[in-house]
Visitor: 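Pasting in a structure now, in structure tokens, and then I'll have a few things to ask.
Letters A, B, ... mirror the listed sequences (proteins, then strands); counts begin at 1. Bear in mind the structure is a predicted one, so any value in this text is a computation, not a measurement.
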Number of protein chains: 2
Amino acid sequence: MVRVGDLFQALADRTRRLILDELTERDGQTLFEICGRLATRHQVGSSRQAISQHLDVLEAAGLIVTRRQGRYKFHHLDTRPLRSITERWLRSEPTEETP
Amino acid sequence: MVRVGDLFQALADRTRRLILDELTERDGQTLFEICGRLATRHQVGSSRQAISQHLDVLEAAGLIVTRRQGRYKFHHLDTRPLRSITERWLRSEPTEETP
DNA sequence: ACAATAGGCAAGTCACGGCTTGCCTACAAT
DNA sequence: ATTGTAGGCAAGCCGTGACTTGCCTATTGT
């Protein structure tokens, strides 16, 4: 079960938002591909392990799903959790938060 | 002016989301009203200063606007920054898996 | 078999965010 | 004028998050 708090916290980091941008443009990338594109296109100089930890956070938030194939691990975007995340404050009746 | 990072970071905190919930239900509350309702309805035991700092963050993110009147300071919700914040990743996505 | 590639695990550093404490200003009521 | 109410300012504590470093496992290529 993915909590709404994990979702917002995952989106609170700029590097993670850039990762989602990259996967939006080209879905199913590996860790090394994401590292390369972040470095060359967004000047993100973080280490591979840092990006890997970001991917873990995004996966725990339910925003990406992973698929292993041989020694490759492909990361796929899942934007379904984002669909109605702000409706809580845009609708007339707020949704309760369950801790 | 208001960066998108500030917006997500403001939403990353549970207490701040609860503040938005409270203002959604009853707009234009003062700091003390918000403190009281957070305590009685959501078991938030933070101090008044903590809530005040949360309100500063929300205002800096453009999610609330304040209006001073005498010794009261009323807080009003502004959900406009939330409207299109997730469209960045939802643009060219499959809408639903409905057959 | 051996090396290169893709990725994982764990400990440690460091800065920032959330929160408190203490004191202060401004307005209102009596 | 004095007291109480609504809010602000600033310093400090402390836990958590982002990141690095070092080493390890697994799969692929030659």
Visitor: Under the side chain to side chain donor-acceptor pair (under 3.5 Å) rule, collect the residues that match up with B/T30, sequence neighbours excluded.
Guide: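 Testing B/T30 for side chain to side chain donor-acceptor pair (under 3.5 Å), a comparison that skips the adjacent residues, returns B/E33.
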Visitor: Side-chain donor-acceptor pairs under 3.5 Å in residues 41-49 of chain A, sequence neighbours left out?
Guide:
| residue | atom | partner | partner atom | Å |
| --- | --- | --- | --- | --- |
| A/R41 | NE | A/E22 | OE2 | 3.1 |
| A/R41 | NH2 | A/E25 | OE1 | 3.1 |
| A/R41 | NH2 | A/E25 | OE2 | 2.7 |
| A/H42 | NE2 | A/E22 | OE2 | 3.2 |
| A/S47 | OG | A/A50 | N | 3.3 |

Visitor: A/L11 versus B/T86: any side-chain heavy-atom pair under 4.5 Å?
Guide: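 No; the side chains remain at least 4.5 Å from each other.
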Visitor: Considering residues at least two apart in sequence or located in another chain, which fulfil the side chain to side chain donor-acceptor pair (under 3.5 Å) criterion with B/R88?
Guide: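 Side chain to side chain donor-acceptor pair (under 3.5 Å) check on B/R88 returns A/D21.
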Visitor: Indicate yes or no: at least one non-hydrogen side-chain atom of A/W89 is less than 4.5 angstrom from one of B/L23.
Guide: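 A/W89 vs B/L23: side chains apart.
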Visitor: Base, backbone or nothing for each nucleotide of nucleotides 10-21 of chain C, written B, S, -, heavy atoms under 4.0 angstrom, 5' to 3'?
Guide: -------SSBBB
Visitor: Show every donor-acceptor pair shorter than 3.5 Å between a side-chain atom in residues 51-66 of chain A and any protein atom, with sequence neighbours excluded, or say none if there are none.
Guide:
| residue | atom | partner | partner atom | Å |
| --- | --- | --- | --- | --- |
| A/H54 | ND1 | A/R16 | NH1 | 3.1 |
| A/E59 | OE2 | A/T66 | OG1 | 2.9 |

Visitor: Could you tell me which residues satisfy side chain to side chain contact (heavy atoms under 4.5 Å, CB included) with B/R83, sequence neighbours excluded, listed by chain and number?
Guide: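 Scan of B/R83 (side chain to side chain contact (heavy atoms under 4.5 Å, CB included), adjacent residues dropped) gives A/L90, B/T79.
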Visitor: Check nucleotides 25-30 of chain C against the protein and report each pair of N or O atoms closer than 3.5 Å, with its distance, or say if there are none.
Guide:
| residue | atom | partner | partner atom | Å |
| --- | --- | --- | --- | --- |
| C/dA28 | O4' | B/R71 | NE | 3.3 |

Visitor: Could you list where the contact with chain B starts and ends along DNA chain D, reading 5' to 3', using a 4.0 Å heavy-atom cut-off?
Guide: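 Under 4.0 Å from chain B, the extent on DNA chain D is D/dG4 to D/dC9.
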Visitor: Suppose we screen for side chain to side chain donor-acceptor pair (under 3.5 Å). Which residues come up paired with A/Q69, at least two apart in sequence or across chains?
Guide: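 Once residues adjacent in sequence are excluded, the partners of A/Q69 under the side chain to side chain donor-acceptor pair (under 3.5 Å) criterion are A/R67.
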Visitor: So if I take residues 30-39 of chain A and measure heavy-atom distances to DNA chain D, which residues fall below 4.0 Å?
Guide: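 Contacts with DNA chain D under 4.0 Å: none.
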Visitor: Which heavy atom in B/Q9 sits nearest to a heavy atom in A/A12, and how many Å separate them?
Guide: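 Looks like CA-CB, 4.0 Å.
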Visitor: Sequence neighbours left out, what passes side chain to side chain contact (heavy atoms under 4.5 Å, CB included) with B/R71? Give chain and number order.
Guide: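 Once residues adjacent in sequence are excluded, B/R71 has no partner under the side chain to side chain contact (heavy atoms under 4.5 Å, CB included) criterion.
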Visitor: To the nearest Å, give me how far apart CG (A/D56) and C1' (C/dG7) are.
Guide: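 Answer to the nearest Å: 11 Å.
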Visitor: Would a distance-only check, ignoring hydrogens and angles, find a side-chain to backbone donor-acceptor pair under 3.5 Å from B/H75 to B/G28?
Guide: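 Such a contact is absent between B/H75 side chain and B/G28 backbone.
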Visitor: What's in the same ILVMFWY side-chain cluster as A/Y72, cut-off under 4.5 Å, chained through other members?
Guide: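 A/F74, all in the cluster of A/Y72.
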